[in-house]
Amino acid sequence: MWNLGAGVVWRAAYVRAVRSAFATVPFYRERWALDGREDPVVVPGRTGTNGGAAPLAEAVHKLVDLVPLAGGAPRPDPVRGLGRVLRTARTPVAGSLVVLLGPDDLRPPSDLPKGVRGCVANPDGPGASVLRELTAVLHRGHRVLVVGEDKAITAVTAALPDEHRVEAVPHRELDSLDNGPYGVLHDPVLGYLGALGNCGRWHLDWPHVYARPTAGGLAFTLLRQDSPRFVDVLPAGGVQGEIAPCPRHGTPVVLT
Amino acid sequence: MRFEFHDPRVDPAPAGWAEFFKAARLHPVWDYELLGLEAWGARNPQQVAVARDGGEVVAALSVLVCRPRLAPRFGPVPGRRSLRPFWAEVFLPWLSGYPGIVFVPDFPVGDRAALLREFERALRRHLGPGLLGVLYRAIDEEFAAHTAGLGRLVRPAQSTAVLENRFQSEEDWLKTLPSARRSGLRRRRRRIAEDPGLVVRGGPGRDDVDGAEVAALVRAHRERYGKLPLDTRTVPSAGFLHRFIRRPDVHTLTYADPGGRLLAVNTLLDHPDSPCMQHWAALPLEERGRGSGLYFDSYVRAVRFMTQRGAKELSAGRGMNELKEELGFLPRKLYAAAAPRPVLGR
């Protein structure tokens, strides 16, 4: 549901995130105090470069400064937001299994819809136990969604018998958005930012993620992550684009 | 006598600050630009008060404007006043053992108490009705006497450790230590020199050291030992340390493994009279994989620096006093004084 009121609330959440980051997070305090930022301006007369947006790589390098004064986890969560964007990308139903292909230290997704199970599997080829479970779920007639890089998804499908069909949900980074038909907008640091909707457009996970165009590229803000705090960071080295309302759904989509 | 208050975050440096900095032989942490950078990233940002006599700066004070810690936030931006009551601390964060007030050397000792009262009156006018009082931290005996008076409180505080330079070399210093400690230090020094898994580098203006890595180490180290009660300082950020350790008057000693992982770090503030050992941070013993010799080694290197520099003394700050005494450092008494609002300027 997107209307003028939702847009105002979304924008207000972003302004709150900016003010809170400036008041409590060392990285943004120093950057915006010395150089400045705009939209909103936090120190009168200082508007900064790229509207105050920082390259994501620089922010990650100073990860210790992204923890607010109140304390918090200094580790990014690459699985953040998967459950929400999957609803847009493939809509898992109760009984479905979500297989996330990633390194061993990846934590299984914790925000999947009720009744949907999730696990993490090796991207170079799932282990025997994962394959067994995957086959069992398919035998029961439930769906299996495999989320990861194209190469890793191919490895899973190659390991399964031909009659078993899994549903692929490939990762796409901001600089490699395509026409799908399926996919999720993922960043290894920020987590899941959006998904390709049934309208063929890349929808933002708008209640949790804010994005705005800057001279340095599209800047993203995680509205509900306490630590580490990411506000106006430029993923993928800065990718030019814009944020516009979807003609069919009205919610914000990413156009690159 | 006239007082001026400068917010180093936005105000230009006081006229004549460079000359005063040189004349009063200040430590690098008094650098005005550095004070501004530190104030932006502080919960309780400091202001610089300067006393002028006939246009010349004769004294300067670092005044922290402290608010009750209801929520962990940085101080309000300049120009925005908080309605909550606050107090002022004359204190220089991260220069342990030194007061937040400095004078030009020829300023008469007899006039200092009067200057202080005048400062309190000026501060009261400058900060307005929300000011609850002034706290002077880490002051010496003489200054404590200036702050004493009716309705004021002066109490002894934790002493600072100072090593007077009576030595020609590091070996001279070692000879003055008890034999067990002396042989222990020499053994550690030899082991560290022979350890192929340890890369030790030190020097001024280190541009090969990553401020983020130092900040992470300093933060983890301080969290491990817990927060001090009534600590109004803010742990330095990666951005601040990145600039700080690149200064030519800041010596940084790093212990790293061959892969470049930082095991321990020590910063030392260069000064012609009294170099000051500042931040020390290390990985826990189980993570760094070697004994506690690195901490002692940093003292050996600091004493070597002091003797080569020909300084009068080496300051090792506060805390771990018993251990520092074993290394020949002597405690120097410090006091804290509080002046509540009704007696300010009286």
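These numbers come from the heavy atoms of this one structure, side chains and all, not from hydrogens, waters or symmetry mates. Chain naming here is simple, since letters A, B, ... match the order of the sequence lines and numbering starts at 1 in each.
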Is it the backbone or the side chain of A:Phe27 that comes under 4.5 Å from a heavy atom of chain B, or both, or neither?
neither

Would you mind telling me which of A:Ala70, A:Pro74, A:Gly71 has the largest number of heavy-atom pairs within less than 4.5 Å of chain B?
A:Ala70

Residue part contacting chain A, namely of B:Arg9, when any heavy atom lies under 4.5 Å
both

Straight-line distance of A:Leu34 CG to B:Arg243 CZ, nearest 0.5 Å:
5.5 Å

Is the shortest distance from a Lys or Arg side-chain nitrogen in A:Lys62 or B:Asp210 to a carboxylate oxygen in the other one below 4.0 Å?
no

Straight-line distance of B:Phe240 CZ to A:Glu30 CD, nearest 0.5 Å:
9.5 Å

Return the option, out of A:Val67, A:Val25, A:Leu63, with the maximum number of heavy-atom pairs under 4.5 Å with chain B.
A:Val25

Comparing B:Gly75, B:Ala71, B:Pro76 against chain A, the one with the most heavy-atom pairs below 4.5 Å turns out to be B:Gly75

Does atom CD of B:Glu33 have more than 12 heavy-atom neighbours from other groups under 6.0 Å away?
no

If you count the non-hydrogen atoms of other residues, nucleotides and ligands that lie under 6.0 Å from CG in A:Leu255, is the total more than 12?
yes

Which heavy atom of B:Ala215 sits nearest to which heavy atom of A:Val64, and what is that distance?
CB-CG1, 4.1 Å

Can you check whether B:Arg219 reaches A:Asp65 side chain to side chain, under 4.5 Å on heavy atoms?
yes

Is it true that atom CZ of B:Arg73 has more than 12 heavy atoms of other residues, nucleotides or ligands lying nearer than 6.0 Å?
no

So with a 6.0 Å cut-off around CZ of B:Arg224, is the heavy-atom count from everything else above 12?
yes

Does B:Val10 reach the side chain of A:Arg46, with side-chain heavy atoms less than 4.5 Å apart?
yes

Any chance CG of A:Asp178 has more than 12 other-residue heavy atoms, nucleotides or ligands included, within less than 6.0 Å?
yes

In Å and rounded to the nearest 0.5 Å, what is the CZ to CG distance from B:Phe74 to A:Leu69?
4.0 Å

